[in-house]
Structures are given as C-alpha cells and as structure tokens.
Amino acid sequence: MLLLGENTPAGGTGTAARDELAEKRARVATLNARYRHHSATSVLEGALRDPEAGKIAMVSSFGAESVALLHLVAMVNRKTPVLFIDTRLLFAETLAYQQEVAERLHLQDVRVLRTDEAEIAKQDPYTALNLSDPDRCCALRKTLPLEQALDGFDGWITGRKRYQSSTRAALDFFELEESTGRIKVNPLAHWSSEDVRAYMDENRLPRHPLVAQGYPSIGCAPCTSKVAPGEDPRAGRWRGQNKDECGIHFGADGKAVRAG
C-alpha cells in the first residue's frame, strides 16, 4: 500500500521534529524502492488513487514538455487539482497554450496562481528584480503563490526529469521536501526527451508554439532565450546568470531547499 498520507509541514524543534523527518525520509526511501521499476502511470495511480496518499495536487508550467504529464494525469483522474503559476511575466503564447491544453484534456480543476499585485509593486516596482536578484524574483512570483496554494495538500506532482540538468541527474520518483514535510512525486524522472516526444506523437498532443521557434525549455519571457543546436535544453533559462533551477523548487527566502 502506498504510504504518502499524514504528511504535515515539518515544524517544531527537538527530538519530535527530528523523529518526524526521519520517518518521512524512511517512507520516501521505501516508496522509491517499491516503485523503482514501475512505469510513470503506476507511480501516478499510486499517488492519486491510494487512500493513504492524502491530498495531492499537480504543479504544471504548461511549458515545452508539460502536456505529456498533464495527459497522463488526465487519464488517471481529470479532477486532480492542477496548479498553474502565472508570474505576470510569462510569454503570451504560454497563457494561450495553457487554456488550449486544459480544454483539450478536459482538466476539471485548473487553478491559476498569482502573487498579489500590491506585493509585487512593493518588492519589484520597476519589474527589474529578475536582473538584480533572480532567485528573489522567483521566490516572489512563483514560490509565494505556490506555497499558499499548496497549504492543505500532502504532496505534489512535478514534471522534472533527470536528463534536464546536472542538478536533476539523480532525481527519484519520490522525494521529501523537508522544509514543508510534503512529498514530491516525479513520475517522469526516468524519461528522456525522446520518450516525451514519442508519447506526444502517439497521443497527438498539441505542442507549445515556442518550441518550434527554438525554445526547448520555457519560463518567464525576460529570463528565457532561444537555444542553439547542440546546447543543453535548459541553456536558455537564466542565460549568463548563476542559476539553473526553477523558482518553485526554492524556499520563500530564495534559497534552494530541494534535497538531492
């Protein structure tokens, strides 16, 4: 039986808190051992259908490869909450694509998340924070609304894959977000870019329009550039800056919190 339930935000101090984290680490290790040779669909079914799984949401950027996992989730349960972060700096193509995919897959619970305009005006009045402190910009525009939306959920599904960058090379199906006590589910961790393309072709899924224009990885417009042939797919994200990970995998203070 899948043991994802009873995940509460990690908190407190002393022996009890340490014991709680140790138990959750052991639970994640057991899950990874159990599902090591299973398919992405099996991982999703376990996370979404087992009564012990608790309340699970999916977080999606509706980016270059997102439609594959969104399709898998729709096949398992179209009522799964899908959280989409609108940073107010996204490409217009991404916003249109989000609506197209949600309608095509008949997703029944897509939630668009945005940081309050007053808070953005206070912290980033000139819309230039991405230039001076990109981690802080991600924390403001991505992590803040996501943390608010995830309150009450026991875990969340991501579309991250090992091949995408060196920081994801050892990614497992399940990992513990120790700062909150939530479990992240990464069903496509072992998929290659070829696997994703083949799945999209077989299921005739719509492509993000920017992919054909040279954007294999798509984030906010000011921080995303085209990628030349032979470059790493994520080379166009935060080009020229000491940053290679999406803001939703950072804490509210802009510091990396993802284990592994």
Side-chain angles (χ1 to χ4, degrees), residues 8-13 57-64 66 81-99 102 109-160 164-165 167-168 175-182 184 208 210 215 217-226 234-260:
T8 56
T13 60
M58 177 183 179
V59 178
S60 179
S61 66
F62 285 80
S66 299
V82 176
L83 310 182
F84 169 63
I85 307 170
D86 178 3
T87 65
R88 304 179 192 274
L89 294 176
L90 298 177
F91 289 96
E93 290 89 341
T94 297
L95 298 175
Y97 183 65
Q98 181 269 315
Q99 294 185 353
D109 190 5
V110 177
R111 308 179 187 184
V112 180
L113 317 179
R114 300 183 183 93
T115 299
D116 183 73
E117 287 189 12
E119 187 63 28
I120 289 179
K122 176 181 177 182
Q123 296 195 39
D124 189 14
Y126 304 108
T127 316
L129 189 58
N130 65 290
L131 298 175
S132 61
D133 193 340
D135 284 350
R136 181 64 62 180
C137 187
C138 284
L140 170 65
R141 295 176 179 274
K142 295 182 179 181
T143 308
L144 179 61
L146 179 61
E147 279 301 310
Q148 293 171 345
L150 283 174
D151 186 34
F153 285 100
D154 303 305
W156 51 298
I157 300 163
T158 90
R160 290 175 301 157
Q164 290 173 322
S165 69
T167 60
R168 301 179 180 184
E175 58 181 332
L176 178 64
E177 191 175 62
E178 297 199 9
S179 64
T180 66
R182 298 188 193 98
K184 289 182 184 178
H208 193 298
L210 290 179
Y215 295 86
S217 181
I218 303 162
C220 293
C223 298
T224 305
S225 59
K226 293 184 179 182
R234 289 174 66 83
R237 303 291 294 277
W238 310 286
R239 189 181 292 279
Q241 302 186 55
N242 185 27
K243 180 178 174 65
D244 60 7
E245 188 58 84
C246 181
I248 66 171
H249 302 293
F250 285 75
D253 60 355
K255 303 300 182 183
V257 298
R258 181 175 59 82

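Positions are given from 1 along the sequence. The analysis underlying the following values was restricted to heavy atoms, covering all of them including side chains, and did not include hydrogens, waters or symmetry mates.
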Residue pairs, two or more places apart or on separate chains, that pass salt bridge (charged side-chain N to carboxylate O under 4.0 Å, His left out) and touch residues 121-133: D124-R141
Those residues that, when tested against S66, pass side chain to side chain contact (heavy atoms under 4.5 Å, CB included) (two or more places apart): S60, S61, L70
Chi angles and distances behind the side chain to side chain contact (heavy atoms under 4.5 Å, CB included) call for C138, K243: CA-CA 11 Å; C138 284; K243 180 178 174 65; 3.6 Å; yes
V110 to Q98 - nearest heavy-atom pair and separation: CG1-NE2, 3.5 Å
Test side chain to side chain contact (heavy atoms under 4.5 Å, CB included) applied to F84 and R111, step by step: CA-CA 6 Å; F84 169 63; R111 308 179 187 184; over 6 Å; no
Contact list for residues 88-98, test salt bridge (charged side-chain N to carboxylate O under 4.0 Å, His left out), sequence neighbours left out: R88-E117
Residue list, side chain to side chain donor-acceptor pair (under 3.5 Å) with T127, at least two apart or on another chain: none
Y97 vs L90, side chain to side chain contact (heavy atoms under 4.5 Å, CB included): CA-CA, chis, key distance, verdict: CA-CA 11 Å; Y97 183 65; L90 298 177; over 6 Å; no
T158 vs V59 side-chain heavy atoms within contact, under 4.5 Å: no
Smallest separation among heavy atoms of G155 and R182, with atom names: CA-CB, 4.3 Å
Any donor-acceptor N/O pair, R239 side chain to K226 backbone, under 3.5 Å: yes
Which atom of C220 lies closest to which atom of K142, heavy atoms considered: SG-CE, 4.1 Å
Distance (rounded to the nearest 0.5 Å) between N130 CG and R136 CZ: 14.5 Å
Taking every non-hydrogen atom, the tightest pair across A102 and F62: N-CE2, 4.3 Å
Partners meeting side chain to side chain contact (heavy atoms under 4.5 Å, CB included) with T115 (sequence neighbours left out): E119, I120, L140, L144, P145
Residues which pass salt bridge (Lys or Arg N to Asp or Glu O under 4.0 Å) with D116, listed by chain and number, not counting sequence neighbours: none
Heavy-atom closest pair, residues W156 and K184: CZ2-CE, 3.1 Å
Residue list, side chain to side chain donor-acceptor pair (under 3.5 Å) with T224, at least two apart or on another chain: none
Spacing of CG belonging to D135 relative to CG belonging to L129, to within rounding of 0.5 Å: 10.0 Å
From OG1 (T94) to CG (L89), nearest 0.5 Å: 11.5 Å
Partners meeting side chain to side chain donor-acceptor pair (under 3.5 Å) with D86 (sequence neighbours left out): R114
